[in-house]
Number of protein chains: 2
Amino acid sequence: MRIGQLAQLVGVETQTIRFYEQQGLLPPPDRQDNGYRVYTEKHGEGLAFIRRCRILGLSLAEIHELQSYQDPHQPCTAVNALLDDHISHVRSQITALQALEKQLVSLRASCNDDREVEACGVLAGISEGNMHQQ
Amino acid sequence: MRIGQLAQLVGVETQTIRFYEQQGLLPPPDRQDNGYRVYTEKHGEGLAFIRRCRILGLSLAEIHELQSYQDPHQPCTAVNALLDDHISHVRSQITALQALEKQLVSLRASCNDDREVEACGVLAGISEGNMHQQ
DNA sequence: TATTGACCTTATAGTAGCTTTATAGTTTTA
DNA sequence: TAAAACTATAAAGCTACTATAAGGTCAATA
């Protein structure tokens, strides 16, 4: 399988595949005489694993870490710890965004569309700076 | 006021101020004979405005856009539209993260710490790929 | 007076996770 | 045979800074 076919199979761009190889997330495949990369089904699985992790919001570094835990007879404590960390990270992101939304909505409520910029409640609200940092 | 004082006043690094100037978000200040930048109170207000926008999660491009709306006698429709856009962006981020959290929690529930990697429910869950994309 | 330290200057590289562009060689199709 | 479609590498671009390097300026101290 060449890089374009693999890319289409998994739904990524060919450059992304080369990028993952360069970052050490995908093992370097064999090459044809012309230098073209040749992929096996294993590469496909590896690539799909990476993409699913990315969809779960894991960083490339975290994925790398997960890969290092793949030894079958290790306890999977570390895998679970990584996931727990990630979950709490996502939760704090949600909390922060909810606070932000509240702030934005109240800012937006301070103006209607019929005013001129001079009297714009939004710009005034930002400029006054009665904001809780973080 | 020199750059260091302005930085301390607003609570940013001096490099950040030079960066904003370079990006066209802060007007280039006058210089002393030795080349040092000299800032006025107006620059302080401008910088504080930028920082508050950043805390609200606006991108530098959005801030630039906001600045272009500062003409006092324009209607502030555009300002409100920008904010509305930003609010809906934040809301969709929240929704996405909540869905992600649910997925991560259910993935995490599929394994306990006493297993070996071979039987790890988390790794299996990712590899099976029964995931809703996005 | 020499020098130390705190400040200022510019230019450049690094961060994350790709995407885009440039340039060139290879294979497939019309 | 020539164009289209694919492959290769290398380097730059994206965001919003942060960090580093190498050097100029200034006030205070030894």
Side-chain angles (χ1 to χ4, degrees), chain A residues 1-26 28-39 43 46-67 85-86 89-90 93 96 100 133-134, chain B residues 1-26 28-39 43 46-67 85-86 89-90 93 96 100 133-134:
Chain A
M1 187 173 19
R2 294 196 315 200
I3 197 167
Q5 297 169 271
L6 177 61
Q8 196 166 16
L9 190 68
V10 181
V12 299
E13 305 248 353
T14 55
Q15 300 99 311
T16 306
I17 296 175
R18 294 194 197 97
F19 174 73
Y20 287 156
E21 179 185 335
Q22 186 198 316
Q23 299 296 306
L25 290 166
L26 272 180
D30 287 342
R31 302 284 186 128
Q32 290 177 353
D33 291 346
N34 58 16
Y36 287 15
R37 291 170 175 81
V38 188
Y39 292 98
H43 288 98
L47 181 55
F49 181 87
I50 295 171
R51 291 311 301 178
R52 289 195 209 99
C53 287
R54 292 291 299 131
I55 289 166
L56 292 174
L58 297 172
S59 68
L60 298 192
E62 287 172 317
I63 296 170
H64 206 82
E65 207 181 323
L66 268 190
Q67 289 178 334
D85 275 1
H86 191 58
H89 179 227
V90 167
Q93 275 188 173
L100 176 59
Q133 298 246 349
Q134 300 297 32
Chain B
M1 187 172 18
R2 295 194 313 198
I3 197 169
Q5 297 169 271
L6 177 61
Q8 195 166 15
L9 191 68
V10 181
V12 299
E13 306 247 354
T14 55
Q15 300 101 309
T16 305
I17 296 175
R18 293 194 197 98
F19 174 73
Y20 287 156
E21 178 185 335
Q22 188 198 314
Q23 299 297 306
L25 289 167
L26 271 180
D30 288 341
R31 302 285 186 128
Q32 290 176 351
D33 291 346
N34 57 17
Y36 288 15
R37 291 171 175 82
V38 188
Y39 292 99
H43 288 99
L47 181 55
F49 181 87
I50 295 172
R51 291 311 301 178
R52 290 195 208 98
C53 288
R54 292 292 298 129
I55 289 167
L56 292 174
L58 297 173
S59 68
L60 297 191
E62 287 171 318
I63 296 171
H64 206 83
E65 208 180 325
L66 268 191
Q67 289 178 335
D85 275 1
H86 190 57
H89 179 229
V90 167
Q93 276 188 167
L100 176 58
Q133 298 248 349
Q134 302 295 35

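Proteins come first, then strands; the chains are lettered A, B, ... in the order of their sequence lines, and each starts at number 1.
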query: Crowded around B/Q8 CD? As in, over 12 foreign heavy atoms under 6.0 Å?
result: no
query: Which heavy-atom pair separates B/L66 from B/C53 by the least distance, and what is that distance?
result: CD1-SG, 4.0 Å
query: When you look at A/Y39 and A/L47, which way does the side chain to side chain contact (heavy atoms under 4.5 Å, CB included) test go after all the steps?
result: CA-CA 11 Å; A/Y39 292 98; A/L47 181 55; over 6 Å; no
- prompt: Quick one: CD1 on A/I3 to CD on A/E21, what's the gap to the nearest 0.5 Å?
  reply: 7.5 Å
field: Candidates B/L26, B/V12, B/L58 - the one meeting side chain to side chain contact (heavy atoms under 4.5 Å, CB included) with B/I50
entry: B/L26
- prompt: Once you round to the nearest 0.5 Å, how far does CG of A/L25 lie from CD1 of A/I17?
  reply: 12.5 Å
field: First of A/L60 and A/Q32 reached from the 5' end of DNA chain C, by closest nucleotide
entry: A/L60
Grab the N/O contacts between the protein and nucleotides 23-25 of chain C below 3.5 Å, and write none if there aren't any.
unit_1	atom_1	unit_2	atom_2	d
C/dG25	N2	A/Y36	OH	3.0

message: Rounded to whole Å, how long is the line connecting atom CZ of B/F19 with atom P of C/dT15?
response: 17 Å
field: Rounded interatomic separation in angstrom, taking CD from B/Q5 and C1' from C/dC8
entry: 12 Å
message: Let me confirm one number: the NE2-OH distance from B/H43 to B/Y20, rounded to the nearest 0.5 Å.
response: 15.0 Å
Gap separating the OG atom of B/S59 from the CD atom of B/E65, nearest 0.5 angstrom: 8.5 Å
task: Using atom CG of B/D30 as one end and atom P of C/dT9 as the other, report the distance to the nearest whole Å.
output: 13 Å
field: Reported CZ-to-CZ distance for the pair A/R2 and A/R37, which is rounded to 0.5 angstrom
entry: 12.5 Å
- request: Check every strand shown and say whether B/R37 touches a base, only sugar-phosphate, or nothing at a heavy-atom separation below 4.0 Å.
  value: sugar-phosphate
task: Give the rounded distance in Å between these two atoms: CZ of A/R31 and P of C/dT26.
output: 14 Å
field: Presence of A/R2 side-chain N/O under 4.0 Å of C/dT26 phosphate oxygens OP1/OP2
entry: no
task: Name the first nucleotide and the last nucleotide along DNA chain D (5' to 3') that come under 4.0 Å of a heavy atom in chain A.
output: D/dC6 to D/dT9
- line: Here the distance between atom P of C/dC7 and atom CG of B/L6, to the nearest Å, is 15 Å
- prompt: When the distance from CD1 of A/I3 to P of C/dT26 is rounded to whole Å, what number comes out?
  reply: 17 Å
message: Between P on C/dT20 and CD on A/E13, what's the gap in Å once rounded to a whole number?
response: 7 Å
message: In this structure, how many angstroms lie between the C1' atom of C/dA11 and the CD atom of B/Q22, rounded?
response: 10 Å
